[in-house]
Amino acid sequence: MSNAKVRVRFAPSPTGPLHMGGVRTALYNYLFAKQQGGDFILRIEDTDQTRFVPGAEEYIIESLKWCGITPDEGQGFGGNYGPYRQSERKAMYRQYAEQLVADGHAYYAFDSAEDLDRVRQMAKDAGSPNWQYNHITRNSMKNSLTLSQNEVEKKLEAGEPYVVRIKLNRNEEVKFEDIVRGWVSVNTNNMDDKVLFKSDGMPTYHLANIVDDHLMEISHVIRGEEWLPSAPLHVLLYRYLGWEDTMPQFAHLPLLLKPDGNGKLSKRDGDRLGFPVFPLEWHNQESGEVFSGYRENGYFPDAFINMLAFLGWNPGTAQELFSLDELVAAFSLKKVNKAGARYDHDKTRWFNQQYLRHKSDAELGKLLQAEASEQDVEVSLEKAEGIAALMKERAYFIKDLWEDSQFFFAAPQEYDEKTLRKKWNEEARSHVAELQKRFEAISDFNTENIEEAFKAYLSENELGFGKVGPGFRLAVTGMGMGPSMFEICAILGKEETLSRLNQALEQLP
RNA sequence: GGCCCCUUCGUCUAUCGGUUAGGACGCCAGGUUUUCAUCCUGGAAAGAGGAGUUCGAUUCUCCUAGGGGCUGCCA
C-alpha cells in the first residue's frame, strides 16, 4: 500500500470520555497524516451496543476540536467513505463473515454464553486458568465443524442464535512488521478462534475494524499497544478476506502509565493524584461523578498537546517546545519509543508555564480580562495588559495571573503578618510618610518618575533599598513579595497609590 | 498460569560498537533581585543482572529478573 494516499483513522469506542492516552493516539495519527499529506479520519466503534454511553461521541469530537486536531473526515465531519459509525454499517459486515465461512476460514458456533461459561469454569477448576476456544477444544463444542451439515442448516433455519468464529490453522507462525516494534511473530497455537460475528447480528471489533479499514482505504493503523496481541488475528483476516496486498501498516504505540505504582493510566488516577486524565471535564450521568479536565483546569490546548507528543516520542534534538505545525513537521513514527511512558504532572505544568510565558502581553491581557470578568470584576484592557506583563513570569495559569494580582484590584484588607512583624516599624512608617509626600508632587505618575522620586529619597538620606522597599511594598500591596513597586504604582495610578499609603499609615501600628 | 511486548538518572528521553553516557522536568547549592518569581551558574542523579559476539559493548545475541499488555458474543 506504499503508493496509496495516507489515510489513518482514530477509532474510539463511545463508552465514556476519551482519556489522555486516547488523545495521544489521536494526536500521533493526526501528526502522521498531516505530515504525509494524508487524511485523518474519525470512526466510532460502537459495535457493543450494551456499552454505549450517551454524550461520549460528542465528548470525543469536542475534545479533538479543543486540541486542534480536527479530523478531515469521519463521524461529524463528513466524507465519502461513510457511514462512520459502525452501528450504522451493520448491514455491511455479515457478508464478509459468510464469505469466510464459505471459504473455510470461519465457522458457525452455536454454544451459548452459558455453555462457554461452564466450560471455562470447569477448566479453571481443573487448574487451567485460561480455557480457549481453539483448534483443539472446538472439536468438542457445538459448531459447524462438529455438527453435520444437515444439523447446522436446521439450526440456522430455526433461527437458533450463533456466532461466527475464525478457524485458525494449527501451528502456523503469523508475522508482521510493526513500524515501531519491528517484526512481531505469534504462533496460531497460542491464539484462539475469536468470535468475528456476534449473535446479535453485529460484528466484533476484530471483523469490523478489518472490514472498515479496508473499505475506507486506511493505509496505516496507529493504535495503542493493547492491540498488539490481536494484531496477528487481524493479519490473518486480511489474508483470508483476500486483502493482504492492501493491508495497512501497523504501528502499536506504547501505553501511558500511572505516575506512581504499576499499570496503565486509568481514569481513577487523576483524582487520586491530583491531576486531570481527561482533556475536558466529564460528568458521569449515572453516578453524578465529575472527572476534571485539562481545559477546565486552565491548560492551554497547545501546551497539553505538546506535552502529550513527548510522552513516547521525541525529535532527537534539544527542542521541547513545538507548535502543532512544528510537531507535524518533526514527527516520525520511527522515533516513537517502545516502552510505556509514565505520566509526569510537573512536566505538564512546566509546559503550560512555558506557553503562558510565550504569549504576548496583549493576548494575556485579554485572557486576564476574561478571567476577571468571570469573577465579576471589570478591568480595562490596558490595565489587564499591564498587569499581565508584570505578573506573567511567576504564573503557570491564567488563574495564577488573576489570583496573584488581587492587590491591583483592591486596597489591602489585611497585611502580611510576617512582613508586618519584621519590616514595619517607626522608621518604615516615616519612610512611607515621606514617600507619600514626594509622590504627591509627581505630576506625570509613570514608572520612571516614581522610581526617580523613590531613588532620590534614598540617596538624599543615604538609605539602602532594603530599608525602605519592604515597608513601601507592604503599605501598597499588603504583601512581602512581588514585582517592581514602581510598575505596580504606575498601574494603580497616583490617586490609588497615595490613598493606599495613607491607609497604611492610618491602619498599621 | 499461557502468549506477546518492553527495560539508560526519581520522571520523559538522546545515543544508529569507541562519548568525561547528553538534554529536559523535579530536587539541591550559589549568583542576580528590596522581596517572590524569572533568569544565570553549578551539583547530586542512569545503562536491571549474567553470559556470549567483538580489539572494544548502553548499543548486537541469548538467559534470568523485573515491568506492561492481552488472555470476553468489550473495544
Side-chain angles (χ1 to χ4, degrees), chain A residues 11-15 45-48 50-51 86 109 111-113 116-117 120 124 127-133 161-165 178 180-182 184-187 189-192 194-206 208-209 223-232 252 254-255 257 259-260 262-264 307 310-321 335 337-351 353 357 391-396 400 404 416 419 423 454 458 464-474 479-485:
Chain A
S13 117
T15 54
E45 310 238 327
D46 57 349
T47 52
D48 185 353
T50 66
R51 294 217 305 160
Q86 289 183 328
D111 318 280
S112 67
L116 293 171
D117 284 348
R120 287 203 175 91
K124 216 174 204 173
S128 157
N130 183 29
W131 182 87
Q132 292 196 144
Y133 207 118
Y162 67 91
V163 301
V164 176
R165 286 182 180 271
D178 187 277
V180 336
R181 281 150 213 285
V184 175
S185 171
V186 179
N187 190 292
N189 287 351
N190 297 315
M191 297 164 63
D192 61 343
K194 280 264 180 302
V195 172
L196 301 178
F197 197 80
K198 302 188 271 187
S199 58
D200 66 357
M202 286 291 266
T204 60
Y205 169 82
H206 301 296
N209 107 86
R223 73 222 310 190
E225 191 185 344
E226 68 267 27
W227 295 110
L228 196 53
S230 53
H252 288 93
L255 264 18
L257 273 19
D260 69 331
N262 303 329
K264 62 177 177 179
M307 174 281 291
F310 270 72
L311 238 35
W313 167 85
N314 87 85
T317 65
Q319 186 182 350
E320 293 208 82
L321 267 19
K335 288 189 89 83
N337 293 300
K338 298 179 178 68
R342 210 161 238 122
Y343 174 72
D344 179 355
H345 193 53
D346 280 330
K347 191 88 182 228
T348 307
R349 287 172 49 81
W350 176 80
F351 270 111
Q353 180 194 36
R357 188 173 302 166
M391 305 299 290
K392 68 195 273 190
E393 292 302 317
R394 61 207 77 208
Y396 281 74
D400 295 339
D404 295 347
D416 180 67
T419 311
K423 304 290 186 185
F454 183 90
L458 291 190
F465 215 132
K467 283 282 181 199
V468 188
F472 175 37
R473 177 181 299 280
L474 183 72
M479 306 204 301
M481 56 181 152
S484 157
M485 281 308 297

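Residue numbering restarts at 1 for every chain, and letters A, B, ... go by the order of the sequence lines.
Rounded to whole angstrom, the span from the OH atom of Y396(A) across to the P atom of C25(B) amounts to 10 Å. Rounded to an integer number of Å, the gap from CZ of F472(A) to P of U35(B) is 16 Å. What separates CG of D48(A) from C1' of A75(B) is a distance of 8 Å, to the nearest Å. Spacing between atom CG of L321(A) and atom P of G23(B) amounts to 18 Å, rounded to whole angstrom units. In this structure, CZ of R51(A) is placed 14 Å from P of G72(B), rounded to the nearest angstrom. In this structure, CD of E226(A) is placed 16 Å from C1' of G72(B), rounded to the nearest angstrom. Residue K194(A) contributes atom NZ, which lies 12 Å from atom C1' of A75(B) at whole-angstrom precision.
Among the atoms of the strands shown, none is found under 4.0 Å from any heavy atom of T50(A). If you check every strand for non-hydrogen atoms under 4.0 Å, R349(A) touches nothing. Contact annotation for V163(A): base contact, defined as any heavy-atom pair under 4.0 Å involving a base atom.
Atom C1' of U15(B) sits at a distance of 25 Å from the matching atom of C27(B), rounded to the whole Å. Comparing the C1' positions of G68(B) and U35(B) gives a spacing of 48 Å, expressed to the nearest Å. Going from the P atom of C16(B) to that of G22(B) covers 14 Å, rounded to whole Å. Taking the C1' atom of each, C9(B) and C28(B) are spaced 15 Å apart, rounded to whole Å. Distance check on atom P: A48(B) versus G10(B) gives 12 Å, rounded to whole Å. G26(B) and C63(B): their P atoms are spaced 41 Å apart (whole Å). Straight-line distance between the P atoms of U11(B) and G18(B): roughly 26 Å, to the nearest whole Å. To the nearest whole angstrom, the two C1' atoms, one in G67(B) and one in A51(B), are 22 Å apart.
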For nucleotides 29-34 of chain B, list the nitrogen or oxygen atoms of the protein found under 3.5 Å from its nitrogen or oxygen atoms, one pair per line.
unit_1, atom_1, unit_2, atom_2, d
U34(B), O2, P470(A), N, 3.4
U34(B), N3, R473(A), NH2, 3.2
U34(B), O4, R473(A), NH2, 2.7

Please write out the pairs of protein N or O atoms and N or O atoms of nucleotides 4-14 of chain B separated by less than 3.5 Å, giving the distance to one decimal.
unit_1, atom_1, unit_2, atom_2, d
C5(B), O2', R181(A), NH1, 2.4
C12(B), OP1, R342(A), N, 2.9
C12(B), O2', F310(A), O, 2.9
U13(B), OP1, G312(A), N, 3.0
U13(B), OP1, N337(A), ND2, 3.4
U13(B), O5', N337(A), ND2, 3.4
U13(B), O3', N314(A), ND2, 2.6
U13(B), O2', N314(A), ND2, 2.9
A14(B), OP1, N314(A), ND2, 3.4
A14(B), OP1, N337(A), OD1, 3.3

Under-3.5 Å N/O pairs linking protein and nucleotides 41-46 of chain B:
none

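Here C70(B) sits opposite G2(B) as a Watson-Crick or G-U wobble pair (both hydrogen-bonding atom distances under 3.5 Å). Figure legend. G10(B) is base-paired to C25(B); pairs are counted as Watson-Crick or G-U wobble with both atom distances under 3.5 Å. In this structure, U33(B) makes no Watson-Crick or G-U wobble pair, since no nucleotide meets both defining distances under 3.5 angstrom.
Here the rule is side-chain hydrogen bond (donor to acceptor under 3.5 Å, both in side chains) with H252(A), and of E226(A), R223(A), E225(A) only R223(A) fits it.
Note on ring orientation: taking the six-membered ring where Trp is involved, the planes of H206(A) and W227(A) are perpendicular (angle over 60°, cut-offs 30° and 60°).
In this structure, the separation between CG on L311(A) and OH on Y343(A) is 8.5 Å, given to the nearest 0.5 Å. Here the CG-CZ distance, from L458(A) to F465(A), works out to 6.5 Å after rounding to the nearest 0.5 Å. To the nearest 0.5 Å, the span separating CE on M202(A) from CG on D46(A) amounts to 6.0 Å. Atoms CE and CZ, on M485(A) and R473(A) in that order, are 5.5 Å from each other to the nearest 0.5 Å.
At a threshold of 4.0 Å, the pair D344(A)-R342(A) does not count as salt-bridged, since none of the basic side-chain nitrogens sits closer than that to a carboxylate oxygen. Under 4.0 Å is where a charged nitrogen must lie from a carboxylate oxygen, and between E320(A) and K347(A) at least one such pair does.
The local environment of NZ in K423(A) is sparse, with at most 12 non-hydrogen atoms from other residues, nucleotides or ligands closer than 6.0 Å.
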